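The structure displayed is predicted, hence computed values, not measured ones. Atom set for the values below is all heavy atoms of this structure, side chains included, hydrogens, waters and symmetry mates excluded. Every chain is numbered from 1 and lettered A, B, ... according to where its sequence line falls, protein lines coming before strand lines.
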Amino acid sequence: MQPQSHETRVDILKGLNDAQQRAVTTTDGPVLIVAGPGSGKTRVLTHRVAYLIEEHGVSPWHILAVTFTNKAARQMYDRLERLVGDDARKLTVGTFHATCVKILRRNAHLIGIDPRFTIYDDADQLEVVRRTLKDENLDPKHFAPRPILSRISAAKSRFIGPDEFAQQTGSYWEEVVARIYPRYRDVLRQNRALDFDDLLGEALRLFDEQPEVLERYQDFYRYTLVDEYQDTNHVQYRLVKALSEGRRNICVVGDPDQSIYGWRQADIRNILEFKRDYPDAVEIHLELNYRSTSSIVSAADNVIRANRQRIERELRTENDLGEKIRIHEAYDETQEASFVVNEIRRLVSSGEVRFQDCAIMYRTNAQSRALEEAFVRSELPYQIVGGTRFYDRREIKDAMSILRLIANPQDAISLMRVLSNTQLGKGIGARTLDLLNGWAALHERSLFDAIASAAGQSHLPPPEVNNRAANLLHAVHQTIQRLIDQSAQVQLSKLFDIAIEETGFAQQFRESGDPEMIERWENVLQLRGVLTGYDDLREDIALETFLEESTLVAGQDSMEDGENQVTLITLHAAKGLEFPVVFLIGAEEGILPHSRSMESENEVEEERRLFYVGITRAMNRLYISYAFRRAMFGQSDLSFRSRFIDSIPRDVIDAPTAETARSSGGTTRGPRSYGQQTATPPTPVSEVPDLKPGQRVFHSRFGDGTVLEVQERSGDQDVTVQFKRHGTKRLLASMANLIVD
DNA sequence: TTGGCACCACTTTTT
DNA sequence: GTGGTGCCAA
């Protein structure tokens with residue numbers, strides 16, 4: 001046997017524990033694998049696929065594996081390539097969305113959808129809602145677009161269309177949504193666009209309405225594996241169910257404790273009730289953690305146990321105790337960032353770890369700013385994963401909208417963007433656009449058709465624009481048409497060059513000496529660099545392929561492995577990853593748990609799971625930090641450490657400061673020392689203490705409070721105190737008899 | 001019609 | 001500290 005050839009059965013099972021082996025070899029019928037963090041889930045999944053191929057002679061093209069991110073898919077390919085060789089390439093491994101796009105591109109015409117659809121991302125969707133609100137004469141101040149979109153998306157995630165939605169509105173606000181929803185759908189249809197929810201929903205509709213198509217896919221994908229099953233929504237659940245009907249060779253893997261996408265309509269019941277749908281399902285639990293030290297596992301286990309809505313189970317490890325968990329209070333977010341940076345510098349210079357072993361995790365993207373500044377100042381290498389993504393930058397969006405317009409001129413959102421952000425739209429103002437949009441609505445045609453008509457390129461009566469506008473529109477139409485004509489003939493990067501010249505997009509950068517514009521231009525060039533990667537593809541599919549891939553990238557997908565740099569990442573995006581050293585920052589009430597989640601117990605429990613996910617990313621060292629005061633909206637406010645920290649057992653914490661922490665009325669307060677400031681020495685009660693902003697004080701009548709402001713006043717102090725129960729008071733220090741806490 | 005300026009509300013998390 | 005919106009003057 002050659003060393004390169006496939007591993008034998010024995011090899012496939014070698015090194016796996018009993019539960020893992022069962023998870024790999026139980027291949028007849030439905031299987032539910034509940035896999036705790038670090039329990040070798042990915043290993044089990046890949047080995048299971050290899051086992052199917054090697055031991056059961058299943059053809060790899062009959063296997064469908066659905067992952068949460070493209071990165072996870074790629075990782076799975078790579079591992080399988082090592083296990084089964086070239087056969088790996090015949091597998092279908094991808095995200096739900098990517099898989100559905102493929103299915104729809106082939107079959108959407110069967111359910112009345114143009115397969116050349118554009119995919120609308122979150123920003124596009126919001127724009128459609130905004131415009132629809134405007135058309136309906138609703139004030140976006142009173143009816144915020146974001147919640148409306150979320151509600152529509154929630155409905156779509158449960159396969160509820162506009163008509164059904166209208167039947168079950170429970171409030172005036174929902175009635176407004178019910179008015180917007182059908183119009184939203186019509187705009188997308190008009191623009192030949194599908195949003196993220198449609199990719200799943202229309203695929204499901206295809207299966208519903210075209211049983212023979214479903215049968216074909218059922219026959220094709222005979223074995224289905226779904227990773228991160230706890231994060232699937234109702235439509236995804238039904239897709240999986242439909243595909244695996246009949247053969248029932250379905251294997252789902254997940255962990256209810258790591259369900260963190262409830263807000264995206266992930267339905268935890270999918271995993272909890274799997275056995276109701278498949279009564280004969282075999283349930284296998286992987287609970288032995290191979291990833292983390294036992295200190296970290298103990299912290300994680302205790303944190304998650306505090307959740308009430310949970311299936312009781314235990315996370316175990318045979319690993320050593322390792323380093324204790326460090327909990328650090330910083331003065332503010334700047335100090336917090338320096339603490340992290342200094343600590344990383346210290347660890348790396350001791351030779352113990354490399355930069356790439358370290359990750360910093362936070363609840364909200366905004367928190368990355370202070371970190372980034374600290375990293376730039378310290379000149380340590382770092383990467384921000386996700387966050388303000390490359391494709392979210394203004395200039396990139398503008399450049400992309402040109403490409404999207406070429407791929408789909410019906411896409412009015414992109415067209416509007418091009419008109420308002422490139423020289424092409426110069427001279428075409430609100431009045432003209434109103435006329436064009438009115439014409440489009442009247443004739444039920446697209447905005448592009450309206451322009452064509454105004455340019456005399458249509459048999460329909462043209463919109464009543466003035467001569468000057470008509471001339472401009474004629475030029476616009478010609479330019480776009482010319483670009484469309486070229487798109488199937490030149491390489492993608494070449495097309496891009498032509499497009500940014502002809503639309504005058506490039507011009508604005510070249511003329512400006514502004515350093516900010518130069519930086520933006522460099523980003524545009526970077527985008528061009530990405531495009532050259534598609535130059536080898538056939539000209540007629542390169543553009544479409546690029547647009548599709550760039551829309552469906554997940555935050556994690558942009559992560560660079562192998563570079564020696566620190567990773568900055570949100571807790572959500574960090575799911576599924578592991579790092580030897582993890583800094584979990586911003587462990588404060590209002591951030592983690594997030595203030596928007598604090599009203600509902602369900603949501604606080606989800607926040608706790610998020611905290612749990614963060615902890616369990618760490619292999620050897622875990623730092624948890626919080627700030628005493630934190631700037632939000634540019635203003636600095638006081639913070640209190642997160643209640644979640646209290647669930648971590650003392651004996652795994654290495655933080656002298658944590659010893660002094662105690663609870664008061666549900667909110668836990670931090671210890672006395674603030675970051676690099678030294679602790680205030682205990683003040684004798686009899687003296688009038690020297691007060692400083694930030695100090696915790698006690699007043700005999702008003703109770704606990706915090707000093708906000710101090711004004712010196714001829715030997716006395718005029719202090720403003722924020723009391724916990726009695727609001728803000730101004731007091732004279734000599735009279736108030738404040739006791740420094 | 002455009003561009004500049006002032007004001008505003010906002011920031012969860014993402015395929 | 002940001003980005004989007006609205007008003008005004010040219």
Side-chain angles (χ1 to χ4, degrees), chain A residues 66-73 94-101 119-123 125-127 130 134 139-142 144-147 149-150 153 156-157 194-201 228 231-233 235-236 259-266 333 361-370 373 385-389 391-394 419-420 425-434 466 468-469 472 548-558 569-575 586 590-598 603 606-607 609-611 613-614 631-636:
Chain A
V66 186
T67 56
F68 200 66
T69 63
N70 297 299
K71 182 171 189 270
T95 63
F96 270 105
H97 291 85
T99 309
C100 287
V101 168
I119 302 167
Y120 271 8
D121 67 13
D122 185 64
Q125 296 180 50
L126 264 186
E127 193 53 40
R130 277 199 202 102
K134 209 169 161 189
D139 181 9
K141 290 238 163 74
H142 197 199
R146 167 65 65 188
L149 176 60
S150 299
S153 172
K156 286 185 169 192
S157 302
L194 297 184
D195 65 20
F196 284 132
D197 300 310
D198 290 335
L199 297 179
L200 310 172
E228 307 285 10
D231 287 325
T232 52
N233 65 29
V235 168
Q236 290 167 326
S259 154
I260 54 175
Y261 284 100
W263 52 275
R264 216 170 73 185
Q265 309 308 313
E333 70 276 359
M361 300 177 187
Y362 37 81
R363 175 69 235 264
T364 67
N365 282 304
Q367 291 171 259
S368 67
R369 185 171 303 141
E373 280 165 18
V385 177
T388 316
R389 293 209 316 280
Y391 289 103
D392 288 336
R393 287 169 204 246
R394 169 101 55 75
L419 290 180
S420 52
K426 265 267 151 53
I428 300 166
R431 166 116 190 95
T432 307
L433 286 172
D434 274 355
N466 60 39
R468 203 180 62 88
L472 287 167
E548 191 170 300
E549 288 180 5
S550 61
T551 312
L552 294 178
V553 292
Q556 239 185 55
D557 299 334
S558 67
I569 192 168
T570 63
L571 286 163
H572 281 91
K575 192 175 65 154
I591 293 186
L592 187 59
H594 195 273
S595 51
R596 296 291 294 262
S597 311
M598 294 213 293
E603 287 178 53
E606 181 155 311
E607 297 286 304
R609 291 195 290 271
L610 201 49
F611 189 66
V613 165
M632 266 181 146
F633 311 118
Q635 262 212 325
S636 189

Where each residue is assigned the nucleotide of DNA chain C containing its nearest heavy atom, which of E127(A) and R369(A) is assigned the position nearer the 5′ end?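 Its nearest nucleotide lies further toward 5', so the answer is R369(A).
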Residue whose closest nucleotide on DNA chain C lies nearer the 5' end, E373(A) versus R394(A): E373(A)
Counting the atoms with a prime plus P, OP1 and OP2 as sugar-phosphate, which does [X] contact under 4.0 Å by heavy atoms, base, sugar-phosphate, or nothing?
| X | value |
| --- | --- |
| R609(A) | nothing |
| T432(A) | sugar-phosphate |
| L610(A) | nothing |
| F96(A) | nothing |

Looking at dT12(B) and H594(A): do their rings stack (centroid distance under 5.5 Å, interplanar angle under 30°)?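 It does: the two rings, one from H594(A) and one from dT12(B), meet the stacking criterion.
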Would you check if F68(A) stacks with the base of dT15(B), given a 5.5 Å centroid limit and a 30° plane limit, both strict?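 Aromatic stack with dT15(B) absent for F68(A).
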Would you mind reading off the distance between [X] atom [atom1] and [N] atom [atom2], rounded to a whole angstrom?
| X | N | atom1 | atom2 | result |
| --- | --- | --- | --- | --- |
| E606(A) | dT14(B) | CD | P | 13 Å |
| L552(A) | dT14(B) | CG | P | 16 Å |
| L472(A) | dT2(B) | CG | C1' | 14 Å |
| Y120(A) | dT14(B) | OH | C1' | 20 Å |
| Y362(A) | dT11(B) | OH | P | 19 Å |
| Q125(A) | dT14(B) | CD | P | 15 Å |
| L126(A) | dT15(B) | CG | C1' | 15 Å |
| L149(A) | dT13(B) | CG | P | 15 Å |

Ring centroid separation for W263(A) and H594(A), is it under 6.0 angstrom?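 When the ring centroids of W263(A) and H594(A) are compared, they turn out to be at least 6.0 Å apart.
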Kindly compute the distance separating CD (E603(A)) from CZ (R609(A)), expressed to the nearest 0.5 Å. 10.5 Å
Parallel under 30°, tilted from 30 to 60°, perpendicular over 60°: which one fits the rings of H97(A) and F196(A)?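 Plane angle over 60°, so perpendicular.
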Look at the side chain of R363(A) and decide which nucleotide, out of dT13(B), dG3(B), dT1(B), has an atom nearest to it.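 Among dT13(B), dG3(B), dT1(B), the one nearest the side chain of R363(A) is dT13(B).
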With the side chain of A366(A) defined as its heavy atoms from C-beta on, choose the nearest nucleotide among dT1(B), dT11(B), dT14(B). dT11(B)
Between R369(A) and E333(A) (salt bridge meaning N to carboxylate O under 4.0 Å), is one present in this structure? no
Looking at R146(A) and D122(A), does any basic side-chain N land under 4.0 Å from a carboxylate oxygen?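 Looking at R146(A) and D122(A), the cut-off is met.
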Between [X] and [N], does any side-chain N or O lie under 4.0 Å from OP1 or OP2?
| X | N | value |
| --- | --- | --- |
| N365(A) | dT13(B) | yes |
| R264(A) | dT14(B) | no |
| K426(A) | dG3(B) | yes |
| T570(A) | dT14(B) | yes |

P gap between dT13(B) and dG4(C), integer Å: 16 Å
Whole-Å C1' distance, dT11(B) and dG6(C): 22 Å
Reading DNA chain B from 5' onward, which residue's closest nucleotide shows up sooner: G425(A) or A573(A)?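 Its nearest nucleotide lies further toward 5', so the answer is G425(A).
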For N466(A) and for R146(A), locate the closest nucleotide of DNA chain B by heavy-atom distance; then report the residue assigned to the nucleotide nearer the 5' terminus.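 Between the two, 5'-proximity favours N466(A).
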L552(A) and V101(A): side-chain contact (heavy atoms from CB on, under 4.5 Å), yes or no, with the steps? CA-CA 10 Å; L552(A) 294 178; V101(A) 168; 3.9 Å; yes
